[in-house]
Protein chains: 2
Amino acid sequence: MEDWRKRVGENVRRLRLARGLSQERLAFDSKIDLTYLGGIERGRRNPSLMVMVRIADALGEDLKALIA
Amino acid sequence: MEDWRKRVGENVRRLRLARGLSQERLAFDSKIDLTYLGGIERGRRNPSLMVMVRIADALGEDLKALIA
DNA sequence: ATGTGACTTTTAGTCCGTA
DNA sequence: TTACGGACTAAAAGTCACA
């Protein structure tokens, strides 16, 4: 597995669902657009460091959890 | 410590120096601009996921090592 | 509640200098 | 060998209408 965008996306989705959150809700909490978050989860975006930090924060996770 | 740009920058510099590489060399290996790599090491840049992956690869490290 | 394409705006990322 | 600035170009950030 070498596609890191996909990997991050899967982690975001997994952690989000584990908390019972909708994309809409996580998008709101991390202050990014709903459709943009969807793109990240599907591995179609190449998010910046700070965007990933915002998502990790909103999930109550360390950044490490997104690239595990 | 909450400034992730700084944190990543310090990790990149530490790992680079541990391998005795110049910025020029690491920039070349990771296919990013020399001046941009300098900016990342100084914590002034917000690199994308794929740029961090390229740097980690060039360092022979996992991405995790950059955000440790 | 999520996926997608076609956007516009902002910033990442390059390339040129200088010190 | 590294820091930093300015001017650029490529790509990320962010939005929208529709399925």
- Message: For A:R42, give me all partners under salt bridge (Lys or Arg N to Asp or Glu O under 4.0 Å), at least two apart in sequence or on another chain.
- Response: none

- Message: Can you confirm whether A:F28 is buried at CZ, in the sense that more than 12 heavy atoms of other residues, nucleotides or ligands lie under 6.0 Å from that atom?
- Response: no

- Message: I want to check something: taking the side chain as every heavy atom from C-beta on, are A:E10 and A:R14 in contact at a cut-off of under 4.5 Å?
- Response: no

- Query: Whole Å only: how far is the CZ atom of A:R54 from the P atom of D:dA12?
  - Reply: 16 Å

- Message: I need the CG-P distance between B:L34 and D:dC4, as an integer number of Å.
- Response: 13 Å

- Message: Check A:D29 with A:R25, please: is the shortest side-chain N to carboxylate O separation under 4.0 Å?
- Response: yes

- Message: Any base atoms under 4.0 Å from B:K31, or only sugar-phosphate, or nothing? Heavy atoms, all strands.
- Response: sugar-phosphate

- Taking five pairs at each end, how big is the angle between the two axes of the helix from C:dT2-D:dA19 to C:dA19-D:dT2, to 10°? 40°

- Query: Looking at residues 13-23 of chain A, who's got a heavy atom less than 4.0 Å off DNA chain C?
  - Reply: A:R13, A:R16, A:S22, A:Q23

- Message: Under 4.0 Å, heavy atom to any atom of DNA chain C: which of residues 58-68 of chain B qualify?
- Response: none

- Can you name the nearest heavy-atom pair linking B:Q23 to B:L37, along with the distance? O-CD2, 3.3 Å

- Which residues satisfy the side chain to side chain contact (heavy atoms under 4.5 Å, CB included) test with B:L17, sequence neighbours excluded? B:R13

- Message: I'd like to check the side chain to side chain contact (heavy atoms under 4.5 Å, CB included) partners of A:T35; sequence neighbours left out, ordered by chain and number.
- Response: A:D33

- With no angle test and no hydrogens, is the base of D:dC4 tied to the side chain of B:T35 by a donor-acceptor pair under 3.5 Å? no

- Task: At the 4.0 Å heavy-atom cut-off to chain A, mark where contacts on DNA chain C begin and end, going 5' to 3'.
- Result: C:dA1 to C:dT4

- Neighbours of DNA chain D within residues 40-49 of chain B, by heavy-atom distance under 4.0 Å: B:R42, B:R44

- Message: In this structure, would A:L15 and A:L34 fall into the same cluster of hydrophobic residues linked by side-chain contacts under 4.5 Å?
- Response: no

May I have the list of side-chain donor-acceptor pairs in residues 59-68 of chain A shorter than 3.5 Å, sequence neighbours left out?
from	atom 1	to	atom 2	distance (Å)
A:E61	OE2	A:R19	NH2	2.6
A:D62	OD2	A:K64	N	2.9

Which side-chain N or O atoms in residues 44-55 of chain B pair as donor and acceptor under 3.5 Å with protein atoms at least two apart or in another chain?
from	atom 1	to	atom 2	distance (Å)
B:N46	OD1	A:L49	N	3.4
B:N46	OD1	A:M50	N	2.9
B:N46	ND2	A:S48	OG	3.1
B:S48	OG	A:N46	ND2	3.3
B:S48	OG	B:V51	N	3.3
B:R54	NE	B:S30	O	2.9
B:R54	NH2	B:K31	O	3.0

